[in-house]
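Take a look at the structure below.
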Amino acid sequence: MIHYLKEFKHVFGNYGIIGLCYLAKTMLPNIENYWQNPILYVTGVKASGKTEFVKSMLHLYENRECKFANFKNVKYESFRACLREQNTYTKIIHIDDVNKPLTTEWKEIIKSAHDPFHSKHLIISGGQDLSNDVSLYSRTIHIELDNLFLYAPDNYNARNALRALLYIRENAEVGFFKFRSNIHHFLRSAVKAEIIINGSYPNAEGRLKRNYASLLAGYLYYADIMPFTENEAVYALISNLSEQQIMLSNEKKGSF
């Protein structure tokens, strides 16, 4: 499993770090809804690796803890019911192939996934960017895959790592770390993450900072098995937070 994590990070670079931090966040103890659940939104041009990225990330979960739906086929009512059902068998819902503008109805139900009373984590992948909807965009961890270094013409190492990743995924049982429930360790991780995020980017919007602090806390909680350092995690998260804050600010300026 550790080898799989290393290959995932190697293939996807900083995006891989963010993805693993998000996955770790979904495994954190839920201490009185300490954080809302940010939505992971993976966008990019066609064939940029969006679905592959999510599949490779979620392979670290047992299948019973994830539900997959193609946006072309999923019905609004069934998705809402899945989102709100209170059971322990589904932690993450992945909606793939979101390539057309979302209706107001869909935007509202997706935004509700961010609310504290939901126990589900939502991952969306597709070509439709959320930046034209400010209130939804600020609820997301946004990853843009169209400049993935994997596809650089001379990047043979990354392509070899992708082949290794796919081989492990198809031929080995890859189980994520066992759930831990150490409340004191969680609180230490959470406080440290908030201090780092606030210190590194004090001017970011509060909701965005909390989103990224929750991911950093996930890393700190499981740092002993992660294939990257704290400095690497902070750099990847702060860089993405900075880019997302700039895009969000520009959208807000353009909305008046």
>> Looking at every non-hydrogen atom in both residues, tell me the closest pair between W106 and K75 and how far apart they are.
In response: CZ2-C, 4.1 Å

> Can we say R210 and E194 salt-bridge, meaning some charged N sits less than 4.0 Å from an Asp/Glu carboxylate O?
Replying inline: no

> Is there a donor-acceptor pair under 3.5 Å between the side chain of E205 and the backbone N or O of Q245?
Replying inline: no

>> Closer than 3.5 angstrom, by distance alone: can the side chain of Y15 be matched with the main-chain N or O of E144 as a donor-acceptor pair?
In response: yes

> Of all residues at least two apart in sequence or in a different chain, which pass the salt bridge (charged side-chain N to carboxylate O under 4.0 Å, His left out) check with D97?
Replying inline: K72

>> Over 60° means perpendicular and under 30° means parallel, so tell me whether F53 and F8 are parallel, tilted or perpendicular.
In response: tilted

>> Is the ring pair H59/Y4 parallel, tilted or perpendicular, if the boundaries are 30 and 60 degrees?
In response: tilted

Indicate whether the side chain of [X] and that of [Y] have a donor and an acceptor atom separated by less than 3.5 Å.
X: N37; Y: K120; result: no
X: D133; Y: S135; result: yes
X: H142; Y: Y137; result: yes
X: E108; Y: S112; result: no

>> Would you say that L208 contacts Q244 through its side chain, given a criterion of any heavy-atom pair below 4.5 Å between the two side chains?
In response: yes

